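What you are looking at is a predicted structure, and each value in this text was computed from that prediction instead of being measured. Nothing fancy with the numbering, it's 1 onward along the sequence.
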Amino acid sequence: MSIPRFSDDFLARLREAFQRTGYDADGVVDALGGAAHAALGRGEPELAFRASADAGELGTLIRLFLLGSAEPETAVRAALAPLALDDALAAGLVRGREQLRAGLDVRPHGDEQGSWWVVSDLDSDVLGAEVPPDHVLGVGHASLSLIRATTRRPVGSLLDLGTGNGVQALHATRHAQRVTATDVSERALALADATFRLNELDVELVRGEWFAPVARRRFDQIVCNPPFVVGPPRVDYTYRDSGLGGDDASALVIRQLPGFLTEGGTGQLLASWLHVDGEDWADRVSRWLPGGTDAWFVQRDVADPGLYVGTWLRDAGIDPRSDRGRAKAADWLDWFAENKVQGVGFGFVTLRRTDAAHPTVVCEDLRQAYDDPLGPEAGRWLDRVAWLREHGHDLLDARFRVPPTVLLERVSAPGDEGWDTTVLRLHRSDGPGWQHEVDETVAALLAGCRGALPLSDLLSLLAAGHGLDEDPLTEAALPLVRELVRHGFLEAV
């Protein structure tokens, strides 16, 4: 595929056309209505076709760029004005004669502060064929999940490693003074450059593999959506394949990323890891970490190898039932079998560069559904880890309170004398909805955590009230309190 190039004047005229017609995140939702817009997100376009029919030139752009429809030349010419149709055809923005189709995917993408446009390649459904090797992916579920998992605290400098279409860098401009974006793909950098200039944003773009383009530089924050697909060491598609075998791509990023952070700087990325027979996944990923790094690994899903292979074949537009699909699946599954792979874990990784003698490393499952974005929680997790590091030696002197978002659930079953409590469970109603099972003694301790008394006094009262030895009680309570603080069930006052 040829590399698309757009002049500043071309993008300025395209921007004017989008602004004139209202082709932005809010405009599309208003034109389609909530039900049709939601159906479109599920891959069900008919309601959107119907709703866009009466939306004039905005409807033309919606059908052209969002629905993959063929539109009359006269309608496209009018909708793109003041951008000349001949220029749009020459640049590859649209294609065809008389009945025109989109040549690139250009769609609104917004957050609570406003809207952008993201330029990428057409997906396999619109192409009606397998995507080419240098395909530049649009804003998919993985991109959106990383956006929601990224901490948005103000920073001076941010690196978007493997920028693709540039969507992570778009969001980074909200909270970073300077944004640098890299990619190994020349096509990806060209489309990301179009994304940034279309939105009038100043982002530094550098081409190269992994961290090589920013050697000897450091950043306050790094975000990365790497080619994390695991399997044989090959590159079928640059957006997903690294050429490294197994989960070595994720391992490489995690090993090297902290060395490009400023002291106290943070990194957040998507990653995959193998579940190998006889090996604990947490031990595997922990071995990737360099010294001086706090790390939080959150496993969101574990895929069966067969399901994993089929999903990624379809993602590229390959029919798993075809001869080509079966051959690729057989090679992939053979590799999994040879390497004793039982599953593929996927999740988020938060890293922080630290000079602490004993960095904190936590690996945990978080497979339940939740609504709140993980980014704010990741920032607070790092805060709580830092607090525990500073106050761990005098934890007994600290005063704690249970936040109002924490609930105690009691599960009871019928017994000989009425209801017998079988499970006591702490539940956070905010964030990712953490849960902890506790016993009656812990519940009693937390009931006293109202910020008035230090932990040592509460433990003394608890021991006296329940006839317990205070020293063993304290020894058992301290690690539990640390865990409850890390998960936000207790906060210092």
Side-chain angles (χ1 to χ4, degrees), residues 109 111 113 116 118 120 136-185 188-189 192 195-196 199 201-214 217-228 239-240 242 249-262 264-272 288 293-298 300 346-353 373-382:
H109 171 75
D111 64 4
Q113 298 182 50
W116 302 285
V118 178
S120 63
V136 178
L137 200 64
V139 182
H141 292 300
S143 296
L144 293 172
S145 65
L146 181 57
I147 287 166
R148 288 170 56 83
T150 299
T151 303
R152 301 293 170 191
R153 296 176 177 179
V155 294
S157 59
L158 182 144
L159 170 65
D160 176 14
L161 184 73
T163 191
N165 59 44
V167 68
Q168 305 298 328
L170 286 182
H171 285 266
T173 61
R174 299 287 200 212
H175 71 281
Q177 296 177 13
R178 300 176 303 282
V179 178
T180 299
T182 70
D183 208 289
V184 69
S185 165
L189 288 179
T195 293
F196 301 143
N199 292 287
L201 294 172
D202 181 18
V203 175
E204 178 190 17
L205 282 163
V206 192
R207 186 183 181 192
E209 290 187 343
W210 304 113
F211 290 95
V214 292
R217 294 175 62 180
R218 290 192 176 182
F219 300 87
D220 299 322
Q221 187 175 10
I222 298 175
V223 296
C224 181
N225 183 3
F228 54 72
Y239 75 88
R240 73 174 205 194
S242 66
S250 295
L252 183 150
V253 175
I254 290 169
R255 286 191 184 106
Q256 295 188 8
L257 187 151
F260 293 86
L261 291 173
T262 57
T266 60
Q268 289 170 304
L269 66 144
L270 297 177
S272 290
W288 298 345
T293 307
D294 289 327
W296 188 30
F297 291 86
V298 176
R300 290 293 288 138
F346 170 82
F348 307 109
V349 184
T350 297
L351 306 171
R352 175 170 57 195
R353 182 175 179 139
L374 193 63
E377 180 70 12
R380 290 190 288 267
W381 186 90
L382 291 170

Practice item. Walk me through it: do Q177 and S157 pass the test side-chain contact (heavy atoms from CB on, under 4.5 Å)? Key: CA-CA 6 Å; Q177 296 177 13; S157 59; over 6 Å; no
Review point. Please walk me through it: do V253 and W210 pass side-chain contact (heavy atoms from CB on, under 4.5 Å)?
Key: CA-CA 8 Å; V253 175; W210 304 113; 3.6 Å; yes
**Study point:** Working for side-chain contact (heavy atoms from CB on, under 4.5 Å), residues L159 and V214
**Key:** CA-CA 9 Å; L159 170 65; V214 292; 4.0 Å; yes
Practice item. Verify side-chain contact (heavy atoms from CB on, under 4.5 Å) between F297 and I254, making sure each step is shown before the conclusion. Key: CA-CA 11 Å; F297 291 86; I254 290 169; 3.7 Å; yes
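Within the model, atoms CG of L158 and CZ of R152 stand 8.0 Å from one another, a figure rounded to the nearest 0.5 Å. Rounding to the nearest 0.5 angstrom, the gap separating the CZ atom in R148 from the CG atom in D111 is 12.5 Å. Note that CG of D202 is 11.5 Å distant from CZ of R178, once rounded to the nearest 0.5 Å. Note: W116 CH2 to T173 OG1 = 5.5 Å, rounded to the nearest 0.5 Å. In this structure, CG in L261 is found 7.5 Å from CG in L351, a value given to the nearest 0.5 Å.
At distances below 3.5 Å, at least one donor-acceptor pair connects side-chain atoms of D220 with backbone N or O atoms of G156. With hydrogens and angles disregarded, a donor-acceptor distance shorter than 3.5 Å links the side chain of R352 to the backbone of L382. Within the 3.5 Å criterion, the main-chain N or O of P258 finds no donor-acceptor partner in the side chain of T293. Here the side chain of T163 pairs no donor or acceptor atom with the backbone of D160 at under 3.5 angstrom. The backbone N or O of V184 lies less than 3.5 Å from a partner atom in the side chain of R207, making a donor-acceptor pair. Here the side chain of D183 pairs a donor or acceptor atom with the backbone of S185 at under 3.5 angstrom.
Nearest heavy atom pair, residue C224 against residue L161, reads SG-O, 3.5 Å. Closest heavy-atom contact between L270 and A142: CD1-O, 3.3 Å. The shortest non-hydrogen separation linking S250 to S272 is OG-N, 3.1 Å. Nearest approach of V136 to G164, heavy atoms of both residues: CG1-C, 4.1 Å. Counting all heavy atoms, side chain and backbone alike, Q268 lies closest to T150 at OE1-CA, 3.3 Å. Of all non-hydrogen atoms in G375 and T151, the two that sit nearest each other are O-OG1, 3.2 Å.
Contact annotation: the side chain of F219 approaches that of T180 to within less than 4.5 Å [non-hydrogen atoms, C-beta and beyond].
The number of heavy atoms from other shown groups lying within 6.0 Å of CD (E209) does not exceed 12.
Ring centroid separation for the pair F228 and F346 comes in under the 6.0 Å cut-off.
Using cut-offs of 30° and 60° for the angle between ring planes, the F260 and F211 rings count as parallel.
Tested against H109 for a side chain to side chain contact (heavy atoms under 4.5 Å, CB included), the candidates N199, T195, I147, N165 yield a single pass: I147.
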